[in-house]
Novice: 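Before I ask anything, let me first share the structure, which is written out below as structure tokens.
The chain is numbered in sequence order, starting from 1.
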Amino acid sequence: MAVELHGMLSRWLFNHIRNEDHGYIDSVKAYQRMSANNGIAERDKLKAEVIAQLREERGRRKGWLARLLGL
């Protein structure tokens, strides 16, 4: 049972990183641009974009149980 649980959790972690965390690439890049010595107006604009992207992504995601069961 332990081997089966380890396999399931390993696959889940791999898929989580590949699918879920991959969606944050654009947001992280925008944040990095924002952190570079940009003006305040540009920084606020990029911050708003990052927040909007994160909210949009959150609305499209399914819970882990739904993904696990293929719903």
Novice: What is the distance from atom CG of L13 to atom CE of M8, rounded to the nearest 0.5 Å?
Specialist: 11.5 Å
Novice: Answer yes or no: is there a side-chain heavy-atom contact under 4.5 Å between V50 and K47?
Specialist: no
Novice: Test your reading of the model: is there a side-chain donor-acceptor pair from R18 to the backbone of F14, 3.5 Å cut-off?
Specialist: no
